[in-house]
Visitor: 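Please read through the structure below; I'll follow up with questions.
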Amino acid sequence: MIDLRALREDPDRFRASQRARGESESLVDDLLAADQQRRAAVSRFEVLRAEQKQLGKRVAKAQGEERQLLLARTKELAQQVKAAELAGTQAEAALRAAQLAVSNLVEDGVVAGGEDDFVVLREVGERPDLREPRDHLELGELLGAIDTERGAKVSGARFYFLTGQGALLQLALLQLAVQQAVEVGFTPVIPPVLVRPETMEGTGFLGAHASEVYHLPADDLYLVGTSEVAMAGYHANEVLDLSGPKRYAGWSSCFRREAGSYGKDVRGIIRVHQFDKVEMFSYCRPEQAAEEHLRLLAWEEEMLAKVELPYRVIDIAAGDLGSSAARKYDCEAWLPSQGRYREVTSTSNCTTFQSRRLNIRYRDESGKPQMAATLNGTLATTRWIVAILENHQQPDGSVRVPKALQPLVGREVLEPVRR
RNA sequence: GGAGGGUUCGCCUAGUGGCCGAUGGCGGCGGUCUUGAAAACCGCUAGGGCGGGGAACCGUCCUCGUGGGUUCGAAUCCCACACCCUCCGCCA
């Protein structure tokens, strides 16, 4: 939900933002119109209501005939008040709808365009020199680490078992991520993965992403696609002390329907219905958000360095941001089997867009509550296993464990096993 | 699944139709007193929208779980729903 006051002051910024996203500029004008109408309707109601209150006080004091006279007048007024109130309520609803339709204001510096128009900020690390790289699934099967066949048998397509060394690797990876987060001051959190509709709604995932989300109709609960949902809802309707950023590292399983992705990444565990993730989540003051965003990115890169993956950082184009992000940086790890980079982290600055829906505030110097900014970023996920296996594979099918993971995995090399 | 209780301004609490945006206590903040502190006493202490002002502030409307209804008028009466809690059953 965008800032109406900012919109009134400078509608052209919002029009430009919509244009950069490839979204309709007229939504901005619809919103302005709805805002006007709501103001008019509300002030009409307020005038009538004030009058009604005044009269009511006189009725309370009046006696006999005078009272009867006043009652007659005030009855008539009550009808008008009711009508004006209804008009006001409708105008409010229309305004909200118009407000939800406009995406977040894009940060300055974000390039216009769509999915393929990102800007590469840097490439880091050395790509392995592999003559005939095995892909992660082949490696995973050799190692007895990934079992997609039984995943399909038990749960269907896009489900898998991580077994043996695979399970150890994931636990180690996520544990390393949590350790890093805790070292720099994050509060580790294991959140619920089922959330109420208003929480899902508040984080914006029931909009364009609605078909991506698992819903349990018997209980009207949603399975989170990321712990961002639970972590954003965590401080909903609260006024926070944000003298410094509040940082949480949420570890959860994530669930995604992957509707409409038939045929994409069907092999292996790149795109699955369930995976685990350690997610950073920050609440801070809006003026600190851009800086915090870069910090989250730096921590992501630190993790990638620890597991010794070659990657590049891209600055996502406006049209590919999603409605709540003002800016988004992805880190993409090199996948030898595909000869290209694939997303392994994503960090978004949602400015006050999410807070406005979830009513998350802080007190500024004058003690007034203001909307907080929210940011999130991936610290490690199941998908990283794909990149780790492929980049650290050796000709015999074994996989070297990155140094930082060795103590946590309990070995230096993952060895093929007999099946 | 069944039965009951509850939801009021940070916390607790009063409030059964108009003088209630709402009592009292705790906590917090400020002041008096004090070398300092405590105690005592005094004052302030929800949020939001709109309008005015440089600002402190002032005016006004909205908000007593949510939505509807009754009424000239609702925290208060009626209906529905949500959430929380307790007990019983069931499952682990």
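Since this is a predicted model, take the numbers as computed values, not measurements. We use all heavy atoms of the structure for the numbers below, so side chains are in, but hydrogens, waters and symmetry mates are not. Residue numbers start from 1 in every chain, and the chains themselves are labelled A, B, ... in the order their sequence lines are given, proteins ahead of strands.
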Visitor: Is the A:His235-A:Tyr248 ring centre distance short of 6.0 angstrom?
Guide: yes
Visitor: Need to verify one output field. Residue with the more 5' nearest nucleotide on RNA chain B, A:Arg39 or A:Lys53?
Guide: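 It is A:Arg39, whose closest nucleotide lies nearer the 5' terminus.
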Visitor: Taking only the P atom of each, what is the distance from B:C61 to B:G5 in whole angstrom?
Guide: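 Each nucleotide's P atom is 38 Å from the other's.
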Visitor: Distance under 4.0 Å to a non-hydrogen atom of chain A counts as contact; along RNA chain B, which nucleotides mark the start and end?
Guide: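 Listing 5' to 3', RNA chain B meets chain A from B:G18 to B:C84.
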Visitor: Under 4.0 Å, counting only non-hydrogen atoms across every strand here, what does A:Arg361 touch: a base, just sugar-phosphate, or nothing?
Guide: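 Touches sugar-phosphate only.
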Visitor: Which whole number of Å gives the distance between the P atom of B:C81 and that of B:C26?
Guide: 41 Å
Visitor: How far, in whole Å, is B:C50 from B:A39 if one measures between their C1' atoms?
Guide: 46 Å
Visitor: Identify which one of A:Leu240, A:Val239, A:Asn237 satisfies the side-chain contact (heavy atoms from CB on, under 4.5 Å) criterion when paired with A:Arg361.
Guide: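 For A:Arg361, the side-chain contact (heavy atoms from CB on, under 4.5 Å) test succeeds with only one of A:Leu240, A:Val239, A:Asn237, which is A:Val239.
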Visitor: Please measure how far the P atom in B:C84 lies from the corresponding atom in B:G69, and state the result in whole Å.
Guide: 27 Å
Visitor: Select base, sugar-phosphate, or nothing to describe what A:Gln52 touches, counting heavy atoms under 4.0 Å on all strands.
Guide: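 The residue A:Gln52 makes sugar-phosphate contact but no base contact.
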Visitor: Run the salt-bridge test on A:Glu25 and A:Arg19 with the 4.0 Å N-O cut-off and return the result as yes or no.
Guide: yes
Visitor: Do A:Lys246 and A:Asp241 sit within salt-bridge range, that is, some charged N less than 4.0 Å from a carboxylate O?
Guide: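 Salt bridge absent between A:Lys246 and A:Asp241.
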Visitor: Base, sugar-phosphate, or nothing for A:Arg196, non-hydrogen atoms under 4.0 angstrom?
Guide: sugar-phosphate
Visitor: Give me the distance, rounded to whole Å, that separates B:G1 from B:A46 when you measure between the P atoms they each carry.
Guide: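 To the nearest whole Å, 42 Å.
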Visitor: Checking all strands, does A:Arg8 fall into the base, sugar-phosphate, or nothing category for heavy-atom contacts under 4.0 angstrom?
Guide: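 Answer is sugar-phosphate: A:Arg8 comes under 4.0 Å of backbone atoms only.
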Visitor: Inspect the surroundings of CD in A:Glu412 and state if more than 12 heavy atoms from other residues, nucleotides or ligands are less than 6.0 Å away.
Guide: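 Check fails, neighbour count at 12 or below.
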Visitor: Using the P atom as the point on both nucleotides, what is the distance between B:A22 and B:G10, in whole Å?
Guide: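 Taking atom P in both B:G10 and B:A22, they lie 15 Å apart.
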Visitor: Under a 4.0 Å threshold between the charged nitrogen and the carboxylate oxygen, would A:Arg342 count as salt-bridged to A:Glu390?
Guide: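 Not counted as a salt bridge, because no side-chain N and carboxylate O are separated by less than 4.0 Å.
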Visitor: When the C1' atoms of B:C9 and B:A14 are considered, how many whole Å apart are they?
Guide: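 Nearest-Å result for B:C9 against B:A14 at atom C1': 13 Å.
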Visitor: State whether A:Glu291 and A:Arg295 are salt-bridged, where the test is any N-O pair (Lys NZ or Arg NE/NH1/NH2 against Asp/Glu carboxylate O) under 4.0 Å.
Guide: yes
Visitor: Just checking A:Lys75: base, sugar-phosphate only, or nothing, at a heavy-atom cut-off of under 4.0 Å?
Guide: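 Sugar-phosphate: the residue A:Lys75, judged by heavy atoms under 4.0 Å, touches backbone atoms but no base.
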Visitor: Closer to the 5' end of RNA chain B via nearest nucleotide, is it A:Glu76 or A:Arg363?
Guide: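 It is A:Arg363 whose nearest nucleotide is closer to the 5' end.
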Visitor: Do A:Asp265 and A:Arg158 meet the salt-bridge criterion of a basic N to acidic O distance under 4.0 Å?
Guide: no
Visitor: Map every base of RNA chain B to its dot-bracket character, where paired means a Watson-Crick or G-U wobble contact with both distances under 3.5 Å and | marks a partner outside the strand.
Guide: ((((((((.[[[..)..(.....]]]((((((.......))))))(((((((....))))))).[[[[[..)....]]]]])))))))....
Visitor: Mind checking the C1' distance from B:U7 to B:A92? Whole angstroms is fine.
Guide: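 Pairwise C1' distance, B:U7 against B:A92, rounds to 31 Å.
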Visitor: Under a 4.0 Å N-O cut-off, is there an ion pair linking A:Arg312 with A:Glu332?
Guide: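 Yes, charged N to carboxylate O under 4.0 Å.
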Visitor: Below 4.0 angstrom, N of the basic side chain to O of the carboxylate: do A:Arg247 and A:Glu292 qualify?
Guide: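 Yes.
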